[in-house]
**Student:** 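The structure's right below; bear with me while I get my questions together.
Bear in mind the structure is a predicted one, so any value in this text is a computation, not a measurement. Along the sequence shown, residues carry numbers from 1. Values below: all heavy atoms of this structure, side chains included; hydrogens, waters and symmetry mates excluded.
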Amino acid sequence: MAYYNYQHYRSPYTAYGLQGDKYALGSITCLDAAGYADGDSIQIAGTAFELDKAGDGVTPGAVDVNITAGWTATQVRDVLLAAINEAGLVDAFADGADGINLVHKTPGQNPTIIGTGGFEDNYAGMSGGAEGAGQPARFGPVRAMHIGSGDGRMVG
């Protein structure tokens with residue numbers, strides 16, 4: 001049985017063409033603060049994460065991501081990573097010094113990512129999500145049962 005990150009265990013029915021659910025994956029590569037202007041944003045599944053370099057706030061409805069001039073790509077990544085995880089739309093994980101890997105929490109969906117400014121060419125959209133074609137293998141604990149107590153009851 002093979003195991004894939006963010007996929008259910010492969011079903012024992014895979015040989016019959018039945019595959020478990022798959023979760024969409026994406027990524028963001030962060031730049032140092034000089035690579036962004038105040039107001040640059042990355043939108044994930046309809047939620048905008050907007051950089052606030054000037055300290056004057058962000059567009060109403062956007063998630064405020066405060067950065068400071070002179071920050072490294074790692075520092076920018078860390079605050080963006082925290083904001084994405086706090087929003088709870090996707091799971092986000094650090095990847096190297098400047099990357100963020102994204103995993104959608106709902107199998108079968110491929111949410112849209114749109115970047116502006118410094119984010120425009122520095123992301124990979126969410127892809128690979130697919131609903132399984134059958135029963136994913138979700139095995140629980142096996143309970144041994146003894147049958148044949150003599151009076152027709154099952155005991156275990």
**Student:** If you look only at pairs with a residue in residues 55-78, which of them pass as a ring-ring contact (aromatic ring centres under 6.0 Å, His included), with sequence neighbours excluded?
**Tutor:**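 Listed by first then second residue: nothing to list.
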
**Student:** Name the residue from V103, N101, I44, I100 that meets the side-chain contact (heavy atoms from CB on, under 4.5 Å) definition with V90.
**Tutor:**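 In the set V103, N101, I44, I100, the residue that makes a side-chain contact (heavy atoms from CB on, under 4.5 Å) with V90 is I44.
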
**Student:** Scan for ring-ring contact (aromatic ring centres under 6.0 Å, His included) pairs involving residues 31-66, sequence neighbours excluded, and state none if there are none.
**Tutor:**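 The answer is Y36-F119.
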
**Student:** Kindly state each residue pair satisfying salt bridge (charged side-chain N to carboxylate O under 4.0 Å, His left out) with at least one member in residues 108-128, sequence neighbours excluded.
**Tutor:** none

**Student:** Test I113 against I42 for side chain to side chain contact (heavy atoms under 4.5 Å, CB included), laying out the working first.
**Tutor:** CA-CA 7 Å; I113 298 179; I42 184 105; 3.6 Å; yes

**Student:** For G70 and A33, work out which heavy atoms get closest and say how close.
**Tutor:** N-CB, 4.0 Å

**Student:** Taking salt bridge (charged side-chain N to carboxylate O under 4.0 Å, His left out) as the cut-off, I'd like each qualifying pair that reaches into residues 104-117, sequence neighbours left out, listed once.
**Tutor:**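 As it turns out, the salt bridge (charged side-chain N to carboxylate O under 4.0 Å, His left out) pairs with a partner in residues 104-117, which skip direct neighbours, are D91-K105.
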
**Student:** Quick one: list whatever passes side chain to side chain donor-acceptor pair (under 3.5 Å) with T116, sequence neighbours left out.
**Tutor:**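 For T116 the side chain to side chain donor-acceptor pair (under 3.5 Å) partners, ignoring immediate neighbours, are S41.
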
**Student:** Could you work out, with side chain to side chain donor-acceptor pair (under 3.5 Å) as the rule, every residue matching Q43, not counting sequence neighbours?
**Tutor:**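 In terms of side chain to side chain donor-acceptor pair (under 3.5 Å), with neighbours along the sequence ignored, Q43 is linked to no residue.
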
**Student:** Out of D98, L102, D95, N122, which one pairs with I28 under the side-chain contact (heavy atoms from CB on, under 4.5 Å) rule?
**Tutor:**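 Exactly one option meets the side-chain contact (heavy atoms from CB on, under 4.5 Å) with I28, and it is L102.
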
**Student:** List the residues meeting side-chain contact (heavy atoms from CB on, under 4.5 Å) with D32, not counting sequence neighbours, and say none if there are none.
**Tutor:** A34

**Student:** Which residues pass the side chain to side chain donor-acceptor pair (under 3.5 Å) test with T112, sequence neighbours left out?
**Tutor:** none

**Student:** Among all residues two or more places apart in sequence or in another chain, which pass the side-chain contact (heavy atoms from CB on, under 4.5 Å) test with A94?
**Tutor:** R77, L81

**Student:** Could you tell me which non-hydrogen atom of A92 sits nearest to which non-hydrogen atom of I84, and how far apart they are?
**Tutor:** CB-CG2, 3.7 Å

**Student:** Can you give me the closest heavy-atom contact between V65 and A83, atom names plus distance?
**Tutor:**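 Minimum heavy-atom separation between V65 and A83: CG2-CB, 3.9 Å.
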
**Student:** Going by the side chain to side chain donor-acceptor pair (under 3.5 Å) test, which pairs reach into residues 52-64, not counting sequence neighbours?
**Tutor:** E50-T59

**Student:** Can you tell me how far CE of M126 sits from NE2 of H104, rounded to the nearest 0.5 angstrom?
**Tutor:**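 Reported value, rounded in 0.5 Å steps: 6.0 Å.
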
**Student:** Show the nearest heavy-atom pair for residues Y23 and P107, with the distance to one decimal.
**Tutor:** CE2-CD, 3.3 Å

**Student:** Side-chain contact test, heavy atoms from C-beta onward, threshold under 4.5 Å: evaluate it for C30 versus L80 and give yes or no.
**Tutor:**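 When only atoms from C-beta onward are counted, L80 and C30 do touch, with a gap below 4.5 Å.
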
**Student:** Compare every heavy atom of L31 with every heavy atom of G118, then report the nearest pair and how far apart it is.
**Tutor:**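 G118 and L31 have their closest heavy atoms at O-CD1, 3.5 Å.
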
